[in-house]
Amino acid sequence: MKIFFFDIDGTLAINKKVPKSNIQALKLLKDKGYLTFICSGRAPFYASKLFGDLVSGYVCCNGRYILYHNEKLHGEMFTSDELEYYLDKIDELDAGAMLVSDDKSYLFHTSEEQKEILIKEYGHEHIGDDSLNHPFYTFDLLYTSLKQRDALIETFKDTLVINDHGGHGSTDCSTMSFDKGSAIKYLLEYFDIDITDSYAFGDGYNDQAMFREAGHKIAMGNAVEALKEKATYVTANIEDEGIMKALIHEEVL
């Protein structure tokens, strides 16, 4: 048995659009009976809407939420003390956050403009009220200037890997205590799969955690240099059928 982990943004999709070759690649892996997991910083409801049953499961919230055949396999939720710590720091820096629960996101200190952008991105049905009495697995940070973003990165440098969304006012966050790599390790043990039969595809800084635990580390041609340096193979860009070319190179298709 082989198992594959794919990041979404910049790896499988661009602005919610999944190239046809990537859809074909996922279908071919499924036909061969391999296990395939989306491995993303995105919320579970966002990822599953894009890929449905094309994959075996989903590693969401940068590793802290795992679905297998639409059933929740594992959830690493914040303790009340952890959540209080993060929200206090966000409040001190006058920043905002979108906290992700099982089927909705909840907004903390967001402007009306930020709220409208998030509703457009995720759908009104997935943006909850201001209640914080829910299990939360991750959060996106929302900033209004690069200076504020850099202050957030500095403040959380010992607990979070912050992955900026292109300088457009938001970041996802990967906790150092449980990240994408932790989820991959969990699933390898759960399915009793050897590390040599695991494949991770990514393009961003938070994907370095995947490379820590996967045997085959494939960086997209459009990946950040820090990830390419840790890769066992660098494939073509996402627009140039990078996924399909890598699978052929790895001799799994």
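None of the values given here were measured: they were computed from a predicted structure. Throughout, numbering of the chain's residues begins at 1 and tracks the sequence.
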* Structure fact -> The side-chain contact (heavy atoms from CB on, under 4.5 Å) partner of I243 among I218, T235, T11 is T11
* Mind checking the CD1-CD1 spacing from I14 to I238? Nearest 0.5 Å is all I need. => 4.0 Å
* Asked: Does any N or O in the side chain of N22 come within less than 3.5 Å of the main-chain N or O of A13, such that one atom is a donor and the other an acceptor?
  -> no
* To do: Go through the steps for I66 and Y190 under the test side chain to side chain contact (heavy atoms under 4.5 Å, CB included), then give the verdict.
  => CA-CA 12 Å; I66 305 174; Y190 182 86; over 6 Å; no
* Quick check: does any side chain N or O of K2 sit under 3.5 Å from a backbone N or O of L29, one acting as donor and the other as acceptor? -> no
* Asked: Quick one: SG on C61 to CE on M77, what's the gap to the nearest 0.5 Å?
  -> 13.0 Å
* Spatial distance of atom CG (N62) from atom CG (N163) [nearest 0.5 Å] -> 7.0 Å
* To do: For the residue pair Y143 and D150, confirm or rule out a side-chain donor-acceptor distance under 3.5 Å.
  => no
* What pair of heavy atoms forms the shortest contact from T138 to G41, and how long is it? -> CG2-O, 4.5 Å
* **Heavy-atom donor-acceptor pair, N237 side chain to E239 backbone, under 3.5 Å** => no
* For the pair F37 and F191, name the ring-plane relationship: parallel under 30°, tilted 30 to 60°, perpendicular over 60°. => tilted
* To do: Please confirm whether the backbone N or O of Y65 pairs with a side-chain atom of H74, one donor and one acceptor, at under 3.5 Å?
  => no
* Structure fact -> Scanning both residues in full, the closest heavy-atom pair of V100 with F45 reads CG1-CE2, 4.5 Å
* Over 12 foreign heavy atoms within 6.0 Å of CD, E125 -> yes
* Asked: Do K32 and V252 have side chains that get closer than 4.5 Å, going by heavy atoms?
  -> no
* What distance separates D94 CG from E92 CD, expressed to the nearest 0.5 Å? -> 11.0 Å
* Asked: Is the backbone N or O of F178 less than 3.5 Å from a side-chain atom of T175, with the two atoms forming a donor-acceptor pair by type?
  -> yes
* Which is it for D7 and C39 under the side chain to side chain contact (heavy atoms under 4.5 Å, CB included) test, yes or no, and what are the steps along the way? -> CA-CA 5 Å; D7 174 55; C39 199; 5.8 Å; no
* **Flag side-chain contact, heavy atom, 4.5 Å: H165 against D172** => yes
* Take the angle between the ring planes of Y233 and H249 and call it parallel below 30°, perpendicular above 60°, tilted in between. => parallel
* To do: Would you confirm whether K16, through its side chain, and E121, through its main-chain N or O, come within 3.5 Å as a donor-acceptor pair?
  => yes
* Interatomic spacing from CD in E76 to CZ in F78 - rounded to 0.5 Å -> 9.5 Å
* To do: Assess whether side chain to side chain contact (heavy atoms under 4.5 Å, CB included) is satisfied between L12 and F201, documenting all intermediate values.
  => CA-CA 9 Å; L12 278 179; F201 295 73; over 6 Å; no
* Does NZ or CZ of R42 come closer than 6.0 Å to the centre of the six-membered ring of Y58, within 45° of the ring's axis? -> no
* Trace of the side chain to side chain contact (heavy atoms under 4.5 Å, CB included) decision for D240 with K245 -> CA-CA 9 Å; D240 190 26; K245 289 176 178 178; 3.1 Å; yes
* Close side-chain approach of V224 and D207, heavy atoms under 4.5 Å -> no
* To do: List the atom of I193, the atom of I3, and the distance in Å for their closest heavy-atom pair.
  => CD1-CB, 3.9 Å
* Taking side chain as C-beta onward, heavy atoms only, is S177 less than 4.5 Å from R64? -> yes
* Heavy-atom closest pair, residues F4 and L247 -> CE2-CD2, 3.7 Å
* Treat each ILVMFWY residue as a node, draw an edge where side-chain heavy atoms are under 4.5 Å apart, and state whether I23 and F5 are in one component. => no
* **I90 versus A97, closest heavy-atom pair with distance** => CD1-CB, 3.9 Å
* Grab the two heavy atoms, one from M1 and one from Y34, that are nearest each other, plus how far apart they are. => SD-CA, 4.0 Å
* Atom CG in L26, atom CD1 in I38: separation rounded to 0.5 Å? -> 6.0 Å
* Any donor-acceptor pair under 3.5 Å linking the side chain of K217 with the backbone of A214? -> yes
* OH (Y205) with more than 12 external heavy atoms under 6.0 Å -> no
* **V161 with Y86, same ILVMFWY side-chain cluster at under 4.5 Å** => no
* Asked: Should M176 and M210 be counted in the same cluster of Ile, Leu, Val, Met, Phe, Trp and Tyr side chains packed under 4.5 Å apart?
  -> no
* To do: Measure from the side-chain N and O atoms of K228 to the backbone N and O of G221, and report whether any donor-acceptor pair falls under 3.5 Å.
  => yes
* If only atom types and distance count, is the side chain of S170 paired as donor or acceptor with the main-chain N or O of L142 below 3.5 Å? -> no
* **Residue pair T144 / Q114, side-chain heavy-atom distance below 4.5 Å** => yes
* To do: Would you indicate whether D88, at its atom CG, is surrounded by more than 12 heavy atoms from other residues, nucleotides or ligands within a distance under 6.0 Å?
  => yes
* Asked: Any donor-acceptor pair under 3.5 Å linking the side chain of S198 with the backbone of G215?
  -> yes
* To do: Answer whether the closest heavy-atom distance between the side chains of Y186 and V59 falls below 4.5 Å.
  => no
* To do: Could you tell me whether the side chains of T79 and D81 share a donor-acceptor contact shorter than 3.5 Å?
  => no
* Asked: Does the side chain of L99 reach to within under 4.5 Å of the side chain of L83, using non-hydrogen atoms?
  -> yes
* Could you tell me whether the side chain of L67 reaches within less than 4.5 Å of the side chain of C60, counting heavy atoms only? => no
